[in-house]
Number of protein chains: 2
Amino acid sequence: MTVDPRSHTPVYVQVADILRRRIESGELAPGVSLPSEARLTQEYGIGREAVRMAMSILRSEGLVSTVRGHGTRVRSSPERQRVELPAGASVVARMPTGRERNELHLDEGVPVLEIRHGKGEVEVKPGDQVELTRPTES
Amino acid sequence: MTVDPRSHTPVYVQVADILRRRIESGELAPGVSLPSEARLTQEYGIGREAVRMAMSILRSEGLVSTVRGHGTRVRSSPERQRVELPAGASVVARMPTGRERNELHLDEGVPVLEIRHGKGEVEVKPGDQVELTRPTES
DNA sequence: CCCCATTTGTCCGTATGTATC
DNA sequence: CGATACATACGGACAAATGGG
């Protein structure tokens, strides 16, 4: 897999796509370190900026986690707690606001579930830790 | 609103925070273009890199959408279609895979709802266009 | 159609800070 | 301690896309 500088899609998006495929295919398994930024710039013949923006995309998708001084690793998907969606409620998925990310201690690239109860009451739950259920009626 | 280079919080985070507030307050309404990168570097007396990283944050939050040669606009949240979550099903929120982003034509920073029906059947819906409901039982 | 101003994309050089090993 | 690697931040330069005239 290689990068085409003349393509209409930005190089940093192409690099993110390539790495995403390598992760989703299992070639880069959870816990495995990605090549360093310097390595990737050489490997694909591109600049730092493109590599770093690609990493930024993958972090924003929750696929990888970067530790300063160490590198970037593939994240493993966490356990999910099953929570019942109350009758009369509805739910939407969206990205958290900055405030919500702090309060819920969310990593980058983790969406939230916004549960809307009856009368304007809204509850926000971390999207990577919750599975909402609607039980079969008894 | 201004930026403090000596703060512990990075300049680009500060810029993202400022722009996010201007968007959420309605000052920058959906469809409106943000100031250009050059404009923002002048306005806040910072480098272009910090500006671009701030934009990257806002894109990853689904707040804005950038087009090369044109600019960055505040995303308008489309109407959400109300869909009933079937009895016995469950749902999780996560970021889409690369394939899903293509097939569903999703922008950066848009999560998906993964609906798990009874026996391993899985359905994926764009998170910015759907509101899942559980009606009150009759 | 071309021309042009604007705007984002990309690369490079440089520098400093911080975290890991 | 040093070597490595990423984070932040500035500057310059050119390429490429957009949109208007």
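Computed from a predicted model, the values in this text were never measured in an experiment. Note on naming: letters A, B, ... go to the chains in the order of the sequence lines (proteins, then strands), and numbering restarts at 1 for each one.
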- request: On DNA chain D, check which nucleotide each of H8(A) and M53(B) is closest to and give me the residue with the more 5' one.
  value: M53(B)

task: Check every strand shown and say whether G47(B) touches a base, only sugar-phosphate, or nothing at a heavy-atom separation below 4.0 Å.
output: sugar-phosphate

query: Any side-chain N or O of R52(B) under 4.0 Å from OP1/OP2 of dT8(C)?
result: no

query: Does the pair E121(B) and K119(B) meet the rule for a salt bridge (Lys or Arg N to Asp or Glu O under 4.0 Å), with working shown?
result: CA-CA 5 Å; E121(B) 302 155 46; K119(B) 328 171 177 38; 5.1 Å; no

task: May I ask you to verify if any side-chain N or O of Y12(B) is less than 4.0 angstrom from the OP1 or OP2 atom of dT8(D)?
output: yes

- prompt: With a 3.5 Å cut-off and no angle check, do the side chains of E131(A) and S90(B) form a donor-acceptor pair?
  reply: yes

- prompt: How many angstroms lie between CD in E37(B) and CZ in R52(B), if you round to the nearest 0.5 Å?
  reply: 4.5 Å

task: Could you tell me whether R75(B) and E61(B) make a salt bridge, using a distance below 4.0 angstrom between a side-chain N and a carboxylate O?
output: no

- prompt: Given atom CD of Q42(B) and atom C1' of dT7(C), what is their separation to the nearest angstrom?
  reply: 13 Å

task: Measure the distance from CG on L34(B) to P on dT6(C) and round it to the nearest whole Å.
output: 19 Å

- prompt: Between dC11(C), dA7(D), dT8(D), which nucleotide has the shortest distance from any of its atoms to the side chain of A50(A)?
  reply: dC11(C)

- request: Any chance you could lay out the salt bridge (Lys or Arg N to Asp or Glu O under 4.0 Å) test for E84(B) and R134(B), step after step, and finish with the verdict?
  value: CA-CA 6 Å; E84(B) 183 177 336; R134(B) 177 184 176 183; over 6 Å; no

message: So for R48(B) and dG12(D), does any side-chain atom that can act as donor or acceptor lie under 3.5 Å from a complementary atom in the base?
response: no

message: Just by distance, no angles: are the side chains of T72(B) and T66(B) close enough, under 3.5 Å, to form a donor-acceptor pair?
response: yes

Below 4.0 Å: OP1/OP2 of dT18(D) and any side-chain N or O of R68(B): no

- prompt: So how far off straight is the helix from dC2(C)-dG21(D) to dC21(C)-dG2(D), going by the axes through five pairs at either end, to 10°?
  reply: 30°

query: Would you say the side chain of E37(A) and the base of dC6(D) hold a donor-acceptor pair, judged only by whether the two atoms sit under 3.5 Å apart?
result: no

message: Just the rounded figure in Å: distance from P of dT10(C) to CG of L40(A).
response: 15 Å

- request: Whole angstrom is fine here: how far is it from CZ in R73(A) over to P in dA5(D)?
  value: 14 Å

- prompt: How long is the line joining CE of M55(A) and C1' of dT10(C), in whole Å?
  reply: 17 Å

message: Both H70(B) and V51(A) contact DNA chain C. Which one's nearest nucleotide lies toward the 5' end?
response: H70(B)

- request: Check whether the side chain of R39(B) and the base of dT6(C) form a donor-acceptor pair under 3.5 Å.
  value: no

- request: Among L132(A), V130(A), L85(A), find the one that has a side chain to side chain contact (heavy atoms under 4.5 Å, CB included) with V91(B).
  value: L132(A)

message: Of the listed nucleotides (dC11(C), dG9(C), dA9(D)), which one gets closest to any side-chain atom of I46(A)?
response: dC11(C)

- request: Name the closest nucleotide to the T66(B) side chain, picking from dG9(C), dT8(D), dA7(D).
  value: dG9(C)

query: To the nearest angstrom, how far is E49(A) atom CD from dA13(D) atom P?
result: 16 Å

- request: Measure the spacing between OG1 of T2(B) and OH of Y44(B) and express it to the nearest 0.5 Å.
  value: 8.0 Å

